[in-house]
Structure formats: C-alpha cells, structure tokens
Amino acid sequence: MTEVGRARRRKEDARLVTGRTRWTDNIQMPGMLYVAFLRSPMAHARITRVDTSAARGRPGVVAVYSGRDFAAEQGSLPCAWPVSEDVVIPDHPPMAVSEVRYVGEAVACVVATDRYKAADALDAIEVDYEPLPAVLDMREALTEDSPKVHESGNKAFTWTFSGGDIDAAFTGAPVVVEREYVQQRLIPTAMEPRAVVASTDGETFTIYSATQIPHVLRVMLAVTTGIPEHKLRVIAPDVGGGFGSKLQVTAEEVLTLLITRRLGKPVKWTESRSEGNLTVHHGRDQIQRISVAAERDGRLRGIKVDLLADMGAYLMLVTPGVPLLGAFMYNGIYKMDAYHFACTGVFTTKMPTDAYRGAGRPEATYALERVMDELAAELGMDPMEIRRRNWIRHEEFPYTTIAGLTYDSGNYEAATDRAMTLFGYDKLRAEQADRRERRDPVQLGIGISTYTEMCGLAPSRVLGSLAYGAGGWEHANVRMLPTGKVEVVTGSSPHGQGHVTAWSQIAADALGVPFEDVSVIHGDTAIATKGMDTYGSRSLVVGGMAVLQACEKVKEKARQVAAHMLEASADDVEFDQGSFRVRGTGAAKTIQEIAFAVFAAHDLPDGFEPRLDADATFDPENFSFPHGTHLCAIEVDTETGQSRIRSYVAVDDVGKVVNPLIVEGQVHGGLAQGIAQALYEEAVYDSEGNLLTTTMADYLIPSAADLPDFVTDRTETPATSNPLGVKGVGEAGTIASTPAVVNAIVDALRPHGVHDVRMPCTPERIWRTLQSVNGGAA
Amino acid sequence: MIPAAFDYVRPQTLEEAAMALAEAGEDAKVLAGGQSLLPLLRLRLSYPSSLVDVGRLSELHGVRDEGDHVFIGAATTHYDVVHSPVVQAECPLVAMATATVADPQVRHRGTFGGSLAHADPAGDLPAVAVALDCAFVARSASGGEREIPASEFFVDYLEPALRADEILVGVKVPKLGPGWGYHYEKFHRTAQSWAIVGVAAAVRRSNGSIEEARIGLTNMGPTPVRASAVEEALRGTPITVPVPGGGNGGPDPIRDACGEAAAGTSPPADLHAQPDYRRHLARVLTHRAVLSAARA
Ligand SMILES: Cc1cc2nc3c(=O)[nH]c(=O)nc-3n(C[C@H](O)[C@H](O)[C@H](O)COP(=O)(O)OP(=O)(O)OC[C@H]3O[C@@H](n4cnc5c(N)ncnc54)[C@H](O)[C@@H]3O)c2cc1C
C-alpha cells in the first residue's frame with residue numbers, strides 16, 4: 001500500500017499535545033532581557049516630546065528607547081509588492097519618530113530584567129502628542145479636503161485589469177444587477193501570539209520568531225538593518241498558527257534585533273493578546289462594488305468590479321498585493337464575455353492590512369457568489385440553476401478564463417451533484433416553502449457557494465509580471481543516511497499544517513522506505529538553507545513537489561550504484577518498494593544496502609561522489625485551482641435576529657490527497673474561519689480611531705460549540721500542472737464558506753424584502769435589517 | 001498575564017482570611033476562582049495591593065440543605081453547583097443559569113460567590129439571585145456575620161454591598177416549594193460569551209393560570225433588574241398554547257404582560273447591542289422564558 005493517500009495520524013501531534021514544544025516564548029537564555037513597547041493611544045498625532053528619564057530609574061530597567069534613538073539605523077519596514085507605477089510606499093519606521101498614524105504604533109520601549117518590570121516601567125515614559133485628524137473612512141479619505149495620512153495623500157495606488165469588451169457586455173444587456181458589499185476588517189487570531197528572541201555572540205545574530213517566513217525574513221532583516229545576510233540566522237521554532245499574520249516583517253522583529261545589537265544581550269518580546277489585536281496586521285477591509293450583466297436566461301455577459309481596499313497607515317510586506325490576488329478570481333468558475341476590475345488602495349489611520357487566510361480570493365469569491373444569488377433572485381431562478389448555466393463544463397478543461405488564467409482541471413458538476421445529495425437540497429427547499437407559508441418566526445435559508453480559487457503560489461515569472469519582489473519556487477534537500485534512514489530538509493515553514501507527516505508520506509513512497517524512517521527538518525536558515533516559506537496554500541503544491549523531485553534524484557543515484565553492485569546496466573534495474581532488481585533475475589539490493597555502500601564508498605561506479613542526497617527546486621508552471629460546492633442551511637429567528645447553522649455540506653476537490661486526515665482538518669478549520677467572518681468577527685474602530693475590539697470578549701471567534709457538525713466529502717480531479725496531481729487545501733474552506741453562510745441568511749429573509757445583510761451578520765444587524773424593511777414589524 | 005505587582009496570601013481558615021483582609025486595608029481584594037478578577041489585573045484595570053485567596057477555604061465550599069433554603073458556599077465552583085443533586089432538586093433555576101456560564105474550563109474554576117460578588121449585571125447569576133430573593137451571608141473580622149438581601153446586594157455596576165473587609169461566605173437560596181416551573185433564557189452570540197440579555201423566570205401555576213411569577217433580567221442595567229411590572233401583569237393570566245407564528249391567534253395575555261419587560265430598565269450600549277435592541281430582546285425573551293417556565 002502506498003503512503004500517499006493514507007490517513008496517517010500526524011507525527012507532530014504527540015509532542016504538541018504533551019507540551020514538549022518549543023515556542024519562541026519558551027526559549028530562555030542566560031542574561032536574557034525583556035522588552036515592552038509603549039504604544040500610541042492616538043490614531044494620528046505629531047510626537048512633540050518623549051521623556052524616558054523617569055522610566056530609566058525604575059527597578060530592573062536596563063534601557064529605555066524612543067524612536068529618535070533608532071532613527072539612524074532602523075530603516076523602513078519593507079513592502080515587497082510595489083503593485084503599480086503610481087504606488088506610494090511611505091517611509092515606515094519600525095518605531096515612530098515624529099508622527100504616529102495608528103493606535104498601537106510603537107513609540108518607545110523599555111528593556112528590563114523581566115517582563116513585569118518592563119511593563120511596569122512603561123507607565124513612567126512621558127510622551128506629548130499634538131493631535132492630527134484621524135482618517136477612517138475610505139470614501140472620505142479620497143475626497144479633496146480630507147486630512148492626509150501621509151503628505152503624498154491618501155491614495156496608495158490604482159490598478160486595473162480587463163478581459164474582453166466590457167462596454168459591449170453591458171450595453172443593451174437585458175439584466176444588470178449592481179451591488180455593494182463590505183468586507184469588514186478582521187484580526188487574524190493565531191493561537192500562539194507573536195514572539196521574538198534575538199541574540200548575538202558579538203559577531204553573528206540569531207533571531208527566533210513566531211514567523212511563517214524565516215527565509216524571507218532573513219533577507220528582509222538583512223536589507224532593513226544592514227546586518228549582512230551571512231551573519232544573520234533566522235529560526236522559526238514551533239509556530240502556533242499564522243493565517244497570514246506571521247507572513248510579515250514586523251516592527252518588533254526589527255527592533256528586538258536592534259536592541260540586541262546595542263546591548264549585546266539576548267532580548268525577548270512576546271505580545272499579549274490585546275497588544276496583538278492592535279498590532280498584528282489586519283485582514284480584508286474592502287468595499288466592493290460589483291455589477292453583473294446577463295441574459296434573461298441567466299447567462300453571464302460580463303462582470304465589473306470597483307474595489308476600495310483599506311491599506312491602513314502603511315504598506316507592509318504584501319499589503320497592496322492582496323486585492324490583486326483577488327483580481328483574477330471575480331469570474332470564479334463561470335464563463336462570460338468580458339470582465340473589468342479596478343482597485344484603489346487607500347491609506348487610513350488604522351493598523352495596516354495584509355494577507356489573511358485566502359488573501360484576495362475570499363473577497364472575490366464572496367462578491368461573486370453573493371451577486372450570483374442576487375441575479376438568480378432578479379430572474380426568479382433557482383440559484384443553483386443559474387450557476388449550472390454558467391459554469392465551465394468538465395469537458396471544457398483546460399479552460400482559459402476571461403481573467404486570463406488557465407484552469408487545468410476541474411469537475412464542477414461532480415462536486416455539485418455530490419453536495420446536493422448529501423445536503424438533501426429538495427427536501428430543505430420544501431421545508432423552507434412550508435415555513436414561509438406558515439409565517440414561522442423561524443425562517444430557513446439555503447446558501448450556495450460554488451467556488452474555485454487559485455493557489456500554489458506561484459510561477460515565479462507570473463509573480464514577476466505582477467511586480468512582486470520575489471519568486472514562487474520552493475526547495476528541498478533529501479538525504480539518505482548510512483543506516484538507510486531519510487532526512488528531508490524543506491524550505492516550507494509549517495506552523496500547524498502537518499508538513500512533517502505529509503512530506504514523510506511523499507518521501508516514503510518515492511524512496512520505498514518506511515514512513516517512520518523519514519524525518520523532516522525545517523524552519524532554520526542555517527539548516528534549511530533555501531526556501532520561500534509557507535503561505536498561499538503553496539506548501540504541498542510547490543514544496544511537496546520539490547521533495548518528490550529531490551527523492552527522484554536520490555533514487556536515480558541509488559539506481560546507478562545498484563546497477564554497479566549487481567553488475568547490470570542501469571536501464572535493466574527496476575525499482576519497486578525499496579528494492580532495485582535486475583529485470584528477469586532474482587538479484588536485488590535494497591535502497592538501505594545501497595545507502596550504506598555509498599557511505600562506505602569501497603566500490604562505487606567511477607566518478608560517483610560518495611553521497612546519496614539531492615537538492616531540488618521546483619517552480620510551478622501554473623497556479624492550482626481547487627474547487628468545490630458548499631451548501632449551508634440556516635435557521636433565522638426573525639423575532640430576535642439570531643441565526644443558527646443547521647447543516648453544512650462541503651464537497652471539495654483538492655486534487656490528489658496525500659493525507660485525508662490533514663485535508664479534513666484544514667477544511668474544518670477553514671470553514672470555521674470563513675463562517676466566523678460571516679457571523680462573528682469584526683475589528684471595530686471608533687470615530688477617533690481607537691480599536692474597540694482588543695479582547696476576545698469583544699472580538700468574537702467561534703469555538704466548536706458554535707459550529708455545526710460539518711458534512712464533508714471530496715471529489716478528486718487531479719491537477720495536471722504537477723506530477724503529484726495536488727492542488728492545495730489551506731484556504732479553500734475559508735474562501736468557500738463565507739458566501740455560503742451569508743447567502744443562506746439572505747435567502748431566509750428574501751421574502752421580507754431583504755437583499756443583503758452586512759457582515760458579520762450579528763443578531764442585532766439581522767434584526768435591524770428586518771426593522772428597516774418592515775418598518776418595524778418583524 | 002502581566003499585571004502590576006501585588007502581595008498574595010492564602011489563609012487556612014475563614015477567620016484568618018477575614019483578619020488578613022482587614023489588615024491588608026482598602027486596596028486589598030478577595031481572590032476566588034480568578035475568572036473575573038484576573039482579566040481585570042491582566043488589562044491593568046485593577047491594581048489591588050494584595051490578594052487574599054479564599055478559593056480553598058473549606059468553610060466556603062459545598063451545598064447544604066438547610067430546611068427552608070439551600071446554602072451554597074461562596075467558593076463552590078460553578079461545576080459543583082451544576083452537579084449538586086440538592087441544587088438540581090431544590091433550586092433548579094440556579095442550576096439552569098449556572099450551566100450557561102462561560103465554558104467548562106471557566107466553570108471548573110469560577111465560583112458561585114465570586115460571580116455574585118463581582119456584581120456584573122451581565123453575569124447570569126445575579127438575575128437569578130434577585131428573582132429568587134436570595135440572602136447573602138457576609139463576614140468580617142470586625143463586624144462578624146451579617147445577611148444582605150438580594151434586593152440590596154447589587155448597588156451599582158461591579159459594586160456589591162460588601163465592605164472592603166467583608167468576605168462573602170455563602171448564599172441562602174430560598175426553596176419556593178411545589179408548583180413552580182423555571183427557565184433561564186440566555187441570549188448570546190457565542191457559546192462562551194456573556195449574555196446580551198438574559199431572563200431568569202420562575203412561575204407558579206395553578207389551574208392552568210399563572211398565580212405568581214418572579215423574573216430577573218440580566219444585562220438590562222447597571223445592576224440585575226427585577227421585572228416587577230411583568231410579574232404584576234402576569235398574575236392570573238391563563239397559560240394558553242401559543243399558535244405557531246403568533247398571527248391570528250387571538251388575545252395572548254402572556255405576551256402582552258411580557259411587553260412590560262423593558263419598563264424601567266436602562267440597558268447598556270456595547271459592541272453586541274444597542275439599548276433599543278436590548279429592550280426588544282427583553283420583551284421577546286421574557287415571553288419565551290415565562291412560557292417555558294409555565295410549561296416546565
Ligand atoms: C471566558 C470567560 C467567560 C465568562 N462567561 C461568563 C458568562 O457567560 N456568564 C457569567 O455569569 N460569568 C461568566 N464569566 C465569569 C465567571 O462566571 C466567573 O467565574 C465569575 O464571574 C467570578 O467568579 P470567580 O470565583 O472566578 O471570582 P474572582 O474572579 O476570583 O473574583 C471576582 C470578584 O469577586 C470578588 N470575590 C470573589 N469571591 C469573593 C468572596 N468570597 N467574598 C468577597 N468577594 C469575593 C473578588 O474580589 C473580585 O472582585 C466568564 C469568565 C470568563 C473568563
């Protein structure tokens with residue numbers, strides 16, 4: 001039996017659940033110091049004075065710094081994605097020097113002998129601010145007389161993209177539906193808060209960080225701080241979730257490193273949850289205007305999207321690129337004649353936004369799947385029927401979409417049929433009709449999301465053409481040890497996904513060794529020397545492929561040695577389940593025997609280097625395109641506005657599955673996060689720019705108790721763009737579920753005259769929406 | 001958690017605890033399960049000079065049947081309250097409301113007395129205490145023991161009628177006797193979040209009518225609120241089976257009576273609800289709670 005496809009329990013978990021982990025915050029070093037940051041209470045202000053003298057005298061305090069102290073060396077936090085010619089990338093000092101632009105921006109810090117003393121001494125730092133007007137609303141920010149976040153103005157960039165003749169598609173279209181949707185601001189809530197430890201031996205520097213991107217971080221820190229890259233080692237130890245929030249080069253990473261450089265001592269910083277809510281980069285925050293032109297029979301003519309994207313106060317690592325990742329997805333799985341996309345990035349005095357699980361694709365999928373339901377309602381059609389009429393049929397693959405992407409494979413019919421059966425669509429529709437008939441105060445709604453997404457970031461040349469600062473390849477090194485065990489070194493940087501298990505399965509099959517005989521090493525730039533790290537559902541599709549290719553190279557080397565030992569020609573030596581066999585004879589050598597023979601090197605083929613290892617760097621030629629059909633049934637209590645998910649069916653097609661258990665876990669977590677956007681989560685700033693959702697009592701995330709039993713299933717249409725046939729599953733659940741849920745809520749309330757409920761669809765919002773359409777009589 | 005510095009003592013007896021608290025002065029605080037106090041310390045919203053930990057005092061633990069009432073020790077955990085056969089049999093409303101508090105972790109640490117002494121109107125137990133007319137037993141080194149009726153216990157937001165040197169020893173929950181039905185209706189957004197509005201209802205039935213009702217409201221003002229207007233209006237109303245969807249079911253006296261639920265309340269505004277929505281919820285939920293209690 002092959003390993004790939006087996007529901008292996010994760011190798012990582014025994015250690016994780018028994019607490020034998022190494023989170024950054026657990027790291028202790030002799031002489032370690034602790035840093036605490038004083039953060040701006042103002043959304044926008046000039047800093048006129050910082051007095052650190054009193055804080056210096058507090059017990060245990062070693063040093064106190066303000067932005068001025070770092071001004072000469074701190075550089076500017078990097079933005080790696082200058083998306084357009086007109087993009088404005090403002091200077092972004094890790095610690096504010098003369099002006100603060102969001103609540104939570106660091107203005108000073110205390111370094112002390114323990115973290116309590118550091119926190120206590122913050123009270124003694126005096127900062128005088130001269131208030132400047134906050135800029136909070138994107139539309140107002142773009143008006144002539146708006147106060148400015150940066151001197152250059154509030155527009156960060158504009159970016160447009162078209163396919164087909166959009167005017168022709170809309171001119172004379174029998175039906176046009178136009179809607180505006182709001183992607184609320186979200187706070188990625190990883191279980192492990194961010195933490196950094198920096199240390200030095202006087203010459204080289206090591207930084208441990210709860211990061212998704214040790215390799216990218218090393219390059220960026222070297223560029224930002226001037227510490228030469230070869231003197232800087234970055235380690236991502238155990239990392240407890242990221243969802244994009246740890247795909248960043250943070251102020252705290254830079255400053256902790258600079259403090260270590262000054263003091264020559266190890267320094268640690270760990271954020272509190274409230275500090276994190278303020279200063280972990282936020283997600284989403286877009287206003288989407290979407291118009292769709294269609295025929296009376298429901299066939300799509302074209303889609304137009306006009307997007308405002310809130311950048312927050314600065315452009316961080318990929319801030320302006322997030323809307324672009326959605327730009328190619330507003331057409332989804334549908335065929336149409338024309339498409340037009342325009343986006344304006346806007347500065348506001350809020351925490352910068354950046355990638356958050358799905359990054360761009362959830363936004364696009366939401367607007368599209370919501371508007372498909374609106375179009376169906378406008379035409380009096382069943383929302384599934386309108387999708388069927390428009391989607392790419394399975395025999396049409398590979399299919400080049402109006403947005404210019406080539407979807408290599410897919411079968412929307414199969415996933416949908418399976419989902420409809422599991423869901424009991426017709427029965428639920430009958431119940432819905434009955435409740436409507438009876439005027440039941442509890443109404444039933446059905447929501448559909450037939451999504452696809454692009455992941456497996458990414459072909460390097462495509463990234464280049466989009467002005468991204470780096471490539472999208474991934475690296476692996478595979479080595480057989482003398483005893484026949486295998487070490488896989490990966491450039492991917494897992495932080496909860498289960499790469500150690502999945503990579504072991506791939507290597508076990510490729511080399512014919514037991515699953516237990518493979519170990520996977522990652523997350524240390526001194527050991528896993530080359531990598532592009534983990535985000536964008538890329539690790540398996542790109543990093544897993546690199547592992548496979550490195551294994552293939554190792555196997556080819558072993559075959560040469562086997563042929564030599566068996567005195568046969570390499571062409572006559574076949575490999576099966578870990579043994580090389582001379583075709584037609586019984587003579588064989590196991591790969592483990594060969595590993596030892598290579599180690600001993602007594603009798604190797606001429607010119608053969610005594611090493612059984614190989615490197616591979618895989619650069620995909622295309623994105624991958626998972627897809628699926630999600631169906632959600634929700635009960636909405638029209639008296640209170642409370643909603644309850646009654647059933648949720650997710651049928652996903654993520655191509656070949658390496659480990660069904662891991663896939664299941666990713667789908668469940670993804671669904672929870674997408675549902676959370678629909679129903680629970682929202683970062684709220686008040687009219688002065690203070691964040692109100694600084695604790696988990698205010699920023700609600702659902703727990704298992706709030707979620708239904710998910711019914712999940714899969715169809716399997718292998719990707720044709722990589723030999724593993726895999727597509728990626730890290731973000732699919734999040735991308736698909738948000739519109740399924742909101743579609744269900746709107747569907748429940750449509751007879752009341754409701755066309756939209758703004759996310760998150762809280763009970764109060766649903767109640768107010770009903771109040772507004774009913775004139776008070778819910 | 002990175003609170004400001006404080007002293008910490010864990011006395012062995014109630015008497016020692018009362019002494020320690022008196023000695024520690026005005027800025028000391030009693031610590032029980034820590035589920036409300038520690039979050040305040042963590043956010044540096046509270047700076048007690050010292051904490052007197054009463055969590056392990058045996059005098060403060062356990063549930064006793066004392067004839068006409070049940071005595072619940074202040075440091076009895078929510079978990080133990082919910083699982084007490086005495087509470088389940090004699091004061092089911094307490095068990096019902098306590099079962100909705102937070103999540104299992106919090107219920108294993110948080111205490112009955114701590115919830116009440118915290119005097120958070122969003123807590124689920126204060127409304128129950130006022131609805132049932134509980135009596136609070138407090139003790140101090142100087143003043144000995146005294147009883148405070150529930151109607152006087154909740155002075156203001158997070159302000160109980162306990163003096164700084166007083167320890168809540170326990171709470172007497174009156175047994176209401178036969179004929180009563182109970183229900184706690186909690187409205188919240190996630191399983192472990194606080195009530196946006198909650199309604200504690202006890203209803204005595206006789207011959208198909210409501211003879212007496214006791215109703216407490218959670219989170220409808222700075223203190224828990226007794227919905228006296230509803231209680232009054234419900235007296236003598238027939239218990240009818242409502243027509244699904246309301247509609248043309250004719251007169252609905254229970255619903256009408258519950259229309260008074262928001263009278264005299266001053267509900268808070270926060271991220272989860274504005275006052276008008278809370279008033280609306282109070283009416284709808286009171287109706288539901290009363291119907292459930294009447295049919296229990
Ligand atoms: C995540 C979370 C969710 C929660 N959700 C809910 C909820 O849905 N509903 C709800 O009702 N509660 C909820 N709570 C609060 C929980 O019920 C607490 O257990 C309770 O509020 C306090 O009890 P405690 O023993 O932990 O008290 P502590 O936190 O130790 O103390 C609370 C206050 O009471 C005082 N105090 C405690 N014991 C005594 C005593 N014997 N004498 C005098 N003063 C005393 C303390 O000085 C302090 O001021 C939640 C808490 C958390 C952490």
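Reminder, nothing fancy here: chain letters follow the sequence lines and each chain counts from 1. Heavy-atom basis, side chains included; hydrogens, waters and symmetry copies ignored. Computed from a predicted model, the values in this text were never measured in an experiment.
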Verify the neighbour count for atom CD of B:Glu26: are there more than 12 heavy atoms of other residues, nucleotides or ligands below 6.0 Å? no

Need one label for B:Arg288: side chain, backbone, both or neither, based on atoms under 4.5 Å from any heavy atom in chain A. side chain

Can you say whether B:Pro39 sits under 4.5 Å from chain A via the side chain, the backbone, both, or neither, judging by heavy atoms? neither

When rounded to the nearest 0.5 angstrom, what is the spacing between [atom1] in [X] and [atom2] in [Y]?
{"X": "A:Glu682", "Y": "B:Leu271", "atom1": "CD", "atom2": "CG", "value": "8.5 Å"}
{"X": "B:Arg42", "Y": "A:Ser274", "atom1": "CZ", "atom2": "OG", "value": "4.0 Å"}
{"X": "A:Asp706", "Y": "B:Ser193", "atom1": "CG", "atom2": "OG", "value": "7.5 Å"}
{"X": "B:Leu285", "Y": "A:Thr640", "atom1": "CG", "atom2": "OG1", "value": "7.0 Å"}
{"X": "B:Tyr277", "Y": "A:Gln771", "atom1": "OH", "atom2": "CD", "value": "10.0 Å"}
{"X": "A:Leu122", "Y": "B:Arg44", "atom1": "CG", "atom2": "CZ", "value": "8.0 Å"}

For the candidates B:Ile2, B:Asp103, B:Leu43, B:Val284, which exhibits the highest count of non-hydrogen atom pairs separated by less than 4.5 Å from chain A? B:Ile2

Toward chain B, the part of [X] with a non-hydrogen atom under 4.5 Å:
{"X": "A:Leu692", "answer": "both"}
{"X": "A:Asp114", "answer": "neither"}
{"X": "A:Arg768", "answer": "side chain"}

Answer yes or no: is there an ion pair linking A:Glu681 with B:Arg189, defined by an N-O contact shorter than 4.0 Å? no

Is there a side-chain contact between B:Phe187 and A:Asp637 in this structure, where contact means two heavy atoms from C-beta onward sitting under 4.5 Å apart? no

Pairing residues for A:Thr279 by the side chain to side chain donor-acceptor pair (under 3.5 Å) criterion, not counting sequence neighbours: A:Arg194

Test your reading of the model: is there a side-chain donor-acceptor pair from B:His272 to the backbone of A:Glu764, 3.5 Å cut-off? no

